[in-house]
*Asks:* 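Have a look at the structure that comes next, please.
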Number of protein chains: 2
Amino acid sequence: MVRAGLTAERLALAGAELADEVGFEQVTVSAVARRFGVTVASLYSHLRNSQDLRTRIALLALDELATRAADALAGRSGRDALTALANVYRDYAREHPGRYAAAQLRLDPATAAASAGVRHARMIRSILRGYDLTEPDQTHAVRLLGSVFHGYVSLELAGGFDHSAPDTQETWTRILDALDALLHTWPPPDPRPAPPPPPTPR
Amino acid sequence: MVRAGLTAERLALAGAELADEVGFEQVTVSAVARRFGVTVASLYSHLRNSQDLRTRIALLALDELATRAADALAGRSGRDALTALANVYRDYAREHPGRYAAAQLRLDPATAAASAGVRHARMIRSILRGYDLTEPDQTHAVRLLGSVFHGYVSLELAGGFDHSAPDTQETWTRILDALDALLHTWPPPDPRPAPPPPPTPR
DNA sequence: CTAGGCTGCCTAAAACCTTTAGGCAAACGC
DNA sequence: GCGTTTGCCTAAAGGTTTTAGGCAGCCTAG
């Protein structure tokens, strides 16, 4: 009986490949076992359960993405850094849609805190050093950038922009132009009376 | 034998409630059957399969969301319309996280075209009538607004903003301020040489 | 170099979800 | 009232998840 040499890391990597091929939703402990030519039960020596597998794939994706982002940011600042980072996210999602989906998995707080997610937040913040923002505006801007990057990439990947006319590449470029301009002239709070608070769910 | 009075619509509604309670991922044909006190097989007279159930929940959510959005937009324009629409998305996601997640389900093109998704696109575009944008900038702006709304709401819901300091309500308001300002002064294309095209996946 | 133990993958089995096929009884139309 | 349609049922097969227990390959010690 030849041993397959399974490890949690190898399983996560195989799961990531599978996710890119058939979608993160379809990644299952059984499917990964099949890919290794091994019975399902064998995987449970390496994984606590199927959520554990999904979590490991998510962590792998977050880490890969952070590494690419760090590489892209090296030596750049201001608008160059902004577009470089934005393109890392977009390109990664196009090359590895399954892994990108995995990176959106909701992690429990402890796992999230130990993940590469915090590196992502720091990198977005580092971009803002090229603009003249102080706290708390810097945090607002970090959240805006995160929202635009994630929102755009998700919608584009989901085919949300397929119907209408202009090329998505053109839109992407113009959005980055707009963000750059916005960060240069970050507006002060609007002086009008605060709107009534939103209906908070009970 | 008392009939339960199942219809596809009722099943979708029950599925939506279930999604809000336990998460869209956990919504299963079996769970919905259980909720009606009925055997699983009975549901297959009303649903083609489990994907059909999920799709119906997604369509229900998209429709509810579009109705709320239309109500909120009535009689408003410019910045008021912008914040009203944005708050509809955010509030809906907070009140109905499961349905909001369902609304992100990837639909096949035909279903998507017949869904309330197109109403959403039209409403975002209607907001831009309050600003001075012409095509193709209007489409770019529609995509930016969609990205920010969806991206922010997703990240907030996923707990992505839980760690850092400023209140998310404050950030949300300031982001809407910033978008309003940006739409008033939508920048022309950056004249610098176009970046090399992104590595397109083969 | 061989004996022991550890580890890795196995078989077996229970629980649950999905989906199809076929049956019986309630509801509806005439 | 009678027949047809329809709605929910039982039965069953196939897939995924997870646990328990076993056997053999590999590593280490003597």
*Asks:* Starting the side chain at C-beta, find the nucleotide from D:dT17, D:dC8, C:dT18 nearest to B:Leu6.
*Replies:*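 Looking only at heavy atoms from C-beta outward on B:Leu6, the closest nucleotide is D:dC8.
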*Asks:* For D:dT17 and A:Ser30 - does any side-chain N or O of the residue sit under 4.0 Å from the phosphate oxygens OP1/OP2?
*Replies:*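 So the side chain of A:Ser30 is within the cut-off, an N or O lying under 4.0 Å from OP1 or OP2 of D:dT17.
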*Asks:* With a non-hydrogen cut-off below 4.0 angstrom, is B:Ser50 in contact with a base, only sugar-phosphate, or nothing?
*Replies:*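 Touches sugar-phosphate only.
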*Asks:* Could you check how far CG of B:Leu43 sits from P of D:dC9, rounded to whole Å?
*Replies:*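 Interatomic distance, CG of B:Leu43 to P of D:dC9: 9 Å.
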*Asks:* Calculate the interatomic distance between A:Leu47 atom CG and C:dG8 atom P; express it in whole Å.
*Replies:*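 A:Leu47 atom CG is separated from C:dG8 atom P by 13 Å.
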*Asks:* N/O contacts under 3.5 Å, protein versus nucleotides 11-13 of chain C?
*Replies:*
none

*Asks:* Are any of B:Arg34's side-chain N or O atoms less than 4.0 Å away from OP1 or OP2 of C:dC17?
*Replies:*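 Answer yes for this pair, as a side-chain N or O of B:Arg34 is under 4.0 Å from OP1 or OP2.
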*Asks:* May I have all residue pairs that pass salt bridge (Lys or Arg N to Asp or Glu O under 4.0 Å) and include part of residues 66-75 of chain B, sequence neighbours excluded?
*Replies:*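 Found B:Arg68-B:Glu95.
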*Asks:* Which pairs of donor and acceptor atoms, one on a side chain in residues 116-123 of chain B, lie under 3.5 Å apart (sequence neighbours left out)?
*Replies:*
from	atom 1	to	atom 2	distance (Å)
B:Arg119	NH2	B:Asp63	OD1	2.7
B:His120	ND1	B:Tyr89	OH	2.8
B:His120	NE2	B:Leu62	O	3.0

*Asks:* Compare side-chain N and O positions of A:Arg48 against OP1 and OP2 of D:dT18 and report whether any pair is under 4.0 Å apart.
*Replies:*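 So the side chain of A:Arg48 is outside the cut-off, no N or O lying under 4.0 Å from OP1 or OP2 of D:dT18.
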*Asks:* Give a yes or no on whether the backbone of A:Gly98 and the side-chain of A:Asp20 come within a donor-acceptor separation of less than 3.5 Å.
*Replies:*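 Yes, A:Asp20 side chain to A:Gly98 backbone: donor-acceptor pair under 3.5 Å.
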*Asks:* How close or far is atom C1' of D:dT17 from atom CD of B:Glu25, stated in whole angstroms?
*Replies:*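 Checked: the CD to C1' distance equals 16 Å.
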*Asks:* Let me know the distance between CZ of A:Phe36 and C1' of C:dG8, rounded to the nearest Å.
*Replies:*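 The distance from CZ of A:Phe36 to C1' of C:dG8 comes to 14 Å, rounded to the nearest Å.
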*Asks:* For D:dT6, does OP1 or OP2 lie under 4.0 Å from any side-chain N or O of B:His46?
*Replies:*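 No, outside the criterion.
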*Asks:* Which residues pass the side-chain hydrogen bond (donor to acceptor under 3.5 Å, both in side chains) test with B:Ser154, not counting sequence neighbours?
*Replies:*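 Testing B:Ser154 for side-chain hydrogen bond (donor to acceptor under 3.5 Å, both in side chains), a comparison that skips the adjacent residues, returns B:His150.
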*Asks:* CG of A:Leu73 to CG of A:Leu85: how many Å apart, nearest 0.5 Å?
*Replies:*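 Here the rounded value is 5.0 Å.
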*Asks:* Distance check needed: D:dG7 P versus B:Arg10 CZ, whole Å only.
*Replies:*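 Whole-Å distance recorded here is 12 Å.
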*Asks:* Of the nucleotides C:dT19, D:dC9, D:dT16, which has the atom closest to the A:Thr28 side chain?
*Replies:*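 Looking only at side-chain atoms, A:Thr28 lies closest to D:dT16.
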*Asks:* To the nearest Å, how far apart are B:Gln26 CD and D:dT17 P?
*Replies:*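 Result: 13 Å.
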*Asks:* Between B:Glu17 and B:Arg35, does at least one N-O distance fall below 4.0 Å, as a salt bridge requires?
*Replies:*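 B:Arg35 and B:Glu17: salt-bridged.
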*Asks:* Answer yes if the side chains of A:Asn87 and A:Trp172 hold a donor-acceptor pair under 3.5 Å, and no otherwise.
*Replies:*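 There is such a pair between these side chains.
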*Asks:* What are the residues of residues 52-60 of chain A, sorted by number, that bring a heavy atom to within less than 4.0 Å of DNA chain D?
*Replies:*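 Within this stretch, nothing sits under 4.0 Å of the strand.
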*Asks:* Starting at atom CG of A:Asn49, determine the distance to atom P of C:dC16, rounded to an integer number of angstrom.
*Replies:*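 Those two atoms, CG and P, are 17 Å apart.
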*Asks:* Under the salt bridge (Lys or Arg N to Asp or Glu O under 4.0 Å) definition, can you give me all pairs with a residue in residues 40-51 of chain B, not counting sequence neighbours?
*Replies:*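 Sorted pair list comes back empty.
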*Asks:* Any carboxylate oxygen within less than 4.0 angstrom of a Lys/Arg side-chain nitrogen, looking at A:Arg143 and B:Glu156?
*Replies:*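 Salt bridge: no.
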